Amino acid sequence: MKAGVVVFPGSNCDRDAAVTLQAVTGHPAEMIWHGDTDMPDCDLIVVPGGFSYGDYLRSGAMAAHSPICRTIVEKAKRGVPVLGICNGFQILTETGLLPGILMRNASLRFICKDVYIRPERTDTIFAAAYEAGKAIRIPIAHKDGNYFADRETLDRLDGDGLVAFRYCTEQGEVSDAANPNGSQRNIAGLYSENGRILGMMPHPERLADAMLGGVDGRPLFQSLVNSIH
Amino acid sequence: MTEPTTDRTEPTITPETIAAHGVKPDEYEHLVSLLGRTPNLTELGIFSVMWSEHCSYKSSKVWLKTLPTEGPHVIQGPGENAGVVDLGDGLAAIFKMESHNHPSYIEPYQGAATGVGGIMRDIFTMGARPVANLNALRFGSPHHAKTRRLISGVVSGIGDYGNCIGVPTVGGETNFDPRYNNNILVNAMCVGLAPSDRIFYSAAAGSGNPVVYVGSKTGRDGIHGATMASAEFDDQSEEKRPTVQVGDPFTEKLLLEACLELMQQDTIIAIQDMGAAGLTSSSVEMASKGGVGIRLDLDHVPQRESGMTAYEMMLSESQERMLMVLRPGSEPQAEAIFRKWELDFAVIGTTTETGRLEIMHQGALKADLPIPALADEAPSYERPYQLRKPPAMIAPDMVPARGSIADTLLELMGSPNLCSRRWIWEQYDHMVMGDTVQRPGGDAALIRIHGTNKGLASTCDVTPRYCQADPFEGGKQAIAESWRNLTAVGADPLAVTDCLNFGNPERPEIMGEFVGCIQGMAQACHAFAFPVVSGNVSLYNETNGVAIPPTPGIGAIGLIADLAQSATIALKPDQVILKLGKTRGHLGQSLYQELATGSYNGAPPSVDLEQEKHIGDFVRSLIRKDLCHTVHDLSDGGLLVGLAEMALAGGTGFTIDELKTDLSPHAYYFGEDQGRYLLAVSAENANIIDECALAASIELTEIARSGGDAITLPHESPLPLAALRSAHEAWFPGYFAE
Amino acid sequence: MKARVTVTLKTGVLDPQGKAIAHALGSLGIDGVDGVRQGKYIEVELAETDPERAKATLERICKELLANPVIENYRYELEGA
Amino acid sequence: MKARVTVTLKTGVLDPQGKAIAHALGSLGIDGVDGVRQGKYIEVELAETDPERAKATLERICKELLANPVIENYRYELEGA
Ligand SMILES: Nc1ncnc2c1ncn2[C@@H]1O[C@H](COP(=O)(O)OP(=O)(O)O)[C@@H](O)[C@H]1O
Ligand SMILES: [Mg+2]
């Protein structure tokens with residue numbers, strides 16, 4: 001699997017993503033500079049975390065208007081898998097590839113800690129290696145992770161099974177107490193309609209190395225390798 | 001008196017202008033004699049900042065020289081943007097700590113944010129990628145009206161800046177004391193990594209080499225209020241100019257990447273970030289260190305505002321800027337890199353042979369000053385000082401026992417000075433860069449050196465109440481505690497940076513605190529072969545004649561050759577808990593004493609440096625031999641607090657069957673004797689360690705066994721960990737929910 | 001021409017910032033505040049001098065960048081228009 | 001009474017947000033923008049009905065919470081006052 005990692009001015013988890021991709025796929029990831037409009041052929045496009053354009057105005061808003069995003073949207077529409085992590089998720093919602101928006105955390109504070117999320121489906125290219133219904137421990141690190149969409153959209157997301165992950169307790173129970181940022185319906189990650197795009201606030205790339213305290217993020221990348229080769 | 005040869009159209013200098021610039025009459029006389037003429041206003045402005053305490057270290061210089069600064073692994077000691085130590089395998093660590101106290105009090109969010117930005121520039125200006133940030137914070141009483149807003153502003157300012165740049169904030173310390181009510185301290189530390197053969201320095205060289213400005217545009221930021229007092233400069237603006245800068249972490253991130261990219265090439269002769277006194281101090285320092293002159297043409301400086309004068313540009317403290325001297329001819333390739341990162345790039349001058357700083361603006365020579373007068377010949381004072389007579393020792397039993405030990409523990413662990421700092425460090429991205437091995441909450445932060453199996457440990461320490469009672473012992477203790485914290489995770493302590501925060505040095509008793517602390521630090525650094533390689537001094541931290549407690553903040557780093565041989569504080573079940581070092585029940589200046597009596601009294605615990613080193617080396621050797629992976633050093637709060645912290649970290653309780661001591665229980669549990677560690681090991685390893693300790697003549701006591709989910713002490717009902725945890729975790733969130 | 005753009009949250013969208021301000025006012029001892037909503041205020045200096053063309057540009061700016069239609073409304077006024 | 005508060009950065013104070021917006025507009029192909037400054041906009045619903053007293057409260061709110069006078073200015077208007 002050949003993965004490309006997009007680098008915006010202000011991306012800062014680009015290296016972390018590349019390190020984990022290399023560890024799981026065995027191949028170095030291609031770093032894609034935001035200013036370049038043509039993108040090398042990749043089996044997976046990763047839009048990494050960070051603070052593209054400082055996240056000024058709104059998280060992801062400026063990056064969504066950069067030339068490279070036009071290319072990403074085009075490729076995504078042709079079915080190239082896209083994984084947006086944290087700021088990457090925010091950018092994907094701002095481009096319209098995923099619905100809704102990530103607002104300021106309910107606490108108004110940046111939160112960096114491990115939380116539990118529950119894969120809602122395991123029949124996708126991103127989650128096949130997870131166990132259905134079993135919570136995984138994963139770090140979050142964001143100030144704007146509070147997922148919002150209108151009720152209609154939320155119902156559609158639920159109805160079509162497009163919610164990828166929900167914040168939950170260690171036991172896998174979805175509850176208010178387990179919701180770190182006020183996200184509606186505890187949404188931590190979303191799929192596009194065709195299931196080829198995943199946007200998520202938690203950082204799977206950060207917990208894929210036992211030395212750093214856990215490997216629950218690794219199956220996500222393993223799933224991609226298995227289904228994409 | 002000769003008239004200036006420079007621009008005479010500037011406002012005339014009056015005694016008031018001189019005073020408004022903070023230049024003392026005798027300093028002005030000295031200045032005039034060095035120049036051989038009177039300065040114009042721009043020149044006075046330049047002198048005033050170069051001769052300020054902040055840039056010249058005029059009160060502290062003579063004393064800083066007494067600190068040990070050398071060691072076999074020191075590549076660069078004090079005098080550069082940051083200190084550099086060799087880590088082996090072609091890598092060097094570059095690190096420094098700096099204060100941003102006053103701005104953080106006035107505008108906590110921006111003040112703290114720009115403090116973090118400033119210290120990171122010091123690091124990457126030398127060629128290092130910042131890999132860890134730490135911060136030492138001192139606030140006033142939690143009950144003080146301002147404290148809540150100050151904490152939340154400072155913490156989010158630090159967080160937002162570091163988080164945005166993507167450098168993990170991995171550690172620090174936080175204290176409360178009413179003596180910081182009107183003078184909070186915000187000290188930021190940054191550690192970076194660089195190839196040891198590609199370190200960049202600030203000494204300019206050659207003549208005719210281009211002087212290049214990169215980064216953000218220059219605005220009228222931070223031009224000191226006092227220096228704006230001259231009416232001539234104030235007329236167009238009805239608003240008093242803010243003296244606080246706004247940080248732009250996004251631009252700093254671009255500047256970081258662009259600088260590191262340029263540093264891959266062989267084009268930089270010298271580089272210096274623009275910190276305090278921006279263009280002035282960066283150009284003067286580069287010229288001074290290289291023994292050359294510099295000529296700047298300010299018309300080429302990228303400007304954010306129109307109509308800026310030479311005075312304003314030279315004194316502006318706009319953030320996120322750098323000055324470089326490049327090899328001639330390399331400008332186009334350098335420019336391409338900065339343009340790629342969408343940053344300003346401008347050639348604004350050249351190096352010269354004149355040894356002078358020449359400032360041109362709109363065709364006029366605005367300043368023409370001999371570089372040595374600005375730098376090496378700046379004033380230096382041997383200020384009178386009065387050493388404090390240390391208070392008498394307080395015997396353990398002079399501090400009253402206060403009922404249940406478990407209740408006291410609960411109260412201490414839930415108090416502002418000992419409670420969990422999670423509320424703070426969860427606002428910091430402490431994991432970005434993918435190498436954080438030990439997250440905040442342990443003795444020292446531990447990151448992996450990227451791409452290797454080596455670890456870099458870092459810590460911030462000082463106990464101001466000890467320094468207040470006895471500056472000498474307090475200075476010693478600060479160094480010892482940082483050395484101990486590094487040791488506790490298994491690291492070889494390497495070197496120290498300091499941030500010396502004190503009151504007004506013109507008062508002999510304050511100068512005495514400064515001297516005492518330095519002497520104590522120096523003695524400890526010698527004992528541990530633990531050199532000071534960088535640092536910062538912040539004086540005049542006082543309001544209405546009330547000074548802060550002497551606060552010589554220590555930042556230190558250490559190296560772990562193999563991360564498999566490191567330790568954490570997390571207790572595991574079925575371990576034997578050993579205590580190393582002597583317990584005398586020292587309660588003077590302890591947190592227990594404050595709880596029991598309402599005040600701090602008597603002598604602080606003293607550090608036996610020889611013993612400290614002996615025990616520390618021993619602990620490290622056990623970690624190296626895989627005999628032990630759970631270690632915690634004892635400091636604030638004493639033995640029982642240390643045990644409780646281990647229990648909470650590991651989610652495992654412990655039981656003490658009987659007290660092996662002649663001391664009364666409160667002195668045994670809460671005394672703050674120095675040079676002690678707790679180790680938790682298997683029963684089998686306990687026996688081996690026991691023998692090793694005997695051979696090394698180190699006092700070792702088996703004090704407890706781990707297991708269960710409560711803390712069980714003799715003659716006390718068990719204290720459930722859950723209750724302890726909620727007390728420990730509740731204080732900060734509760735304080736901010738009010 | 002100078003334009004002043006105000007971006008506000010749509011009714012029904014929760015406003016944590018506004019809520020926090022209201023809460024902080026309480027602890028400052030300021031009573032009688034029934035609700036607080038926070039938005040953004042942006043001043044844009046346009047080279048354009050023709051009000052109609054300036055308006056067209058502003059519409060684009062607001063729609064494409066300054067406001068996110070999922071949660072926000074915008075309004076603007078042109079100085080001297 | 002409803003009050004509309006606008007908090008802006010003082011002239012000369014760096015506005016990274018405004019700078020970034022201006023830059024983004026450039027890459028959107030929107031030319032002719034000479035400068036952008038971002039501020040805050042806050043709506044406060046006051047129980048008070050007397051304009052003078054409402055003003056006094058607003059002053060306090062702005063000074064003590066909404067704006068830091070070191071770097072920011074504020075202004076407000078009271079609806080119907
Ligand atoms: N301002 C802060 N920022 C980040 N971490 C902090 C801060 N204050 C305290 N910590 C962390 O909390 C833990 C406890 O701090 P402290 O009690 O000062 O430790 P010690 O007594 O071992 O020096 C440490 O891991 C420290 O790094
Ligand atoms: Mg410690």
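A note on names: the letters A, B, ... follow the listed sequences, proteins ahead of strands, and every chain is numbered from 1. Note that the structure is predicted; figures quoted are calculated from it, not measured.
- Contact annotation for Leu207(A): only side-chain heavy atoms (C-beta onward) come within less than 4.5 Å of a heavy atom of chain B.
- Residues of residues 157-168 of chain B that come within less than 4.5 angstrom of chain A, heavy atom to heavy atom, are Asp160(B), Asn163(B), Cys164(B), Ile165(B), Gly166(B) in numerical order.
- Counting only distance, with no hydrogens or angles, the side chain of Ser223(A) and the backbone of Ala128(A) share a donor-acceptor pair below 3.5 Å.
- Between chain A and the options Asp429(B), Val437(B), Leu563(B), Thr251(B), the largest number of non-hydrogen pairs under 4.5 Å is found for Asp429(B).
- The CG atom of Leu134(B) lies 8.0 Å from the OG1 atom of Thr169(B); values are rounded to the nearest 0.5 Å.
- Between Tyr130(A) and Phe165(A), the two ring planes are perpendicular [angle over 60°; tilted spans 30° to 60°].
- Ring planes of Phe732(B) and Trp423(B): parallel class, angle under 30° (limits at 30 and 60°).
- Residues of residues 167-176 of chain A lying under 4.5 angstrom from chain B, judged on non-hydrogen atoms, do not exist here.
- Of the inter-residue distances, the one linking Asn135(B) atom CG with Cys190(B) atom SG reads 11.5 Å to the nearest 0.5 angstrom.
- The choice from Glu257(B), Glu342(B), Arg422(B), His430(B) that makes the most heavy-atom pairs within less than 4.5 Å of chain A is His430(B).
- Looking at Arg166(A), its side chain does come within 3.5 Å of a backbone N or O of Arg185(A) through a donor-acceptor pair.
- Proximity to chain B among residues 52-65 of chain A is limited to Tyr53(A), Gly54(A), Tyr56(A), judged by heavy-atom separations below 4.5 angstrom.
- When all heavy atoms are compared, the tightest approach of Ala106(A) to Gly182(A) is CB-CA, 4.1 Å.
- Judged purely by atom type and a 3.5 angstrom limit, His629(B) uses its side chain to pair as donor or acceptor with the backbone of Ser566(B).
- Exactly one of Pro204(A), Pro48(A), Pro202(A) qualifies for a side chain to side chain contact (heavy atoms under 4.5 Å, CB included) with Ile85(A). That residue is Pro204(A).
- Of the possible polar contacts, one joining the Arg725(B) side chain to the Leu648(B) backbone as a donor-acceptor pair under 3.5 Å is found.
- In this structure a side-chain-to-backbone donor-acceptor pair under 3.5 Å is present from Glu107(B) to Gln110(B).
- In terms of modelled atom types and a separation under 3.5 Å, the side chain of Arg129(B) and the main chain of Phe124(B) share no donor-acceptor contact.
- One N or O on the side chain of Arg624(B) and one on the backbone of Gly490(B) form a donor-acceptor pair closer than 3.5 Å.
- Note that CG of Asn453(B) and CG of Asp562(B) are 5.0 Å apart. Values are rounded to the nearest 0.5 Å.
- Below 4.5 Å, heavy atoms of chain B meet heavy atoms from Pro9(A), Gly10(A), Ser11(A), Asn12(A), Cys13(A), Arg15(A), Asp16(A), Val19(A), all part of residues 8-22 of chain A.
- Using modelled atom types, no side-chain atom of Gln438(B) and backbone atom of Ala457(B) make a donor-acceptor pair closer than 3.5 Å.
- Side-chain contact of Thr652(B) with Lys572(B): a donor-acceptor pair under 3.5 Å is absent, judged by distance alone.
- Counting heavy-atom pairs closer than 4.5 Å to chain B, the top residue among His203(A), Arg206(A), Lys113(A), Lys143(A) is Arg206(A).
- Donor-acceptor pairing under 3.5 Å is lacking for the side chains of Gln245(B) and Thr114(B).
- Chain A forms the most heavy-atom pairs under 4.5 Å with one residue out of Val432(B), Asp435(B), Thr436(B), and that residue is Val432(B).
- Scanning all heavy atoms of the two residues, the minimum distance from Ala208(A) to Arg218(A) falls at O-NH1, 3.3 Å.
- Asn105(A) places no side-chain N or O within 3.5 Å of a backbone atom of Ser107(A) that could act as its donor or acceptor partner.
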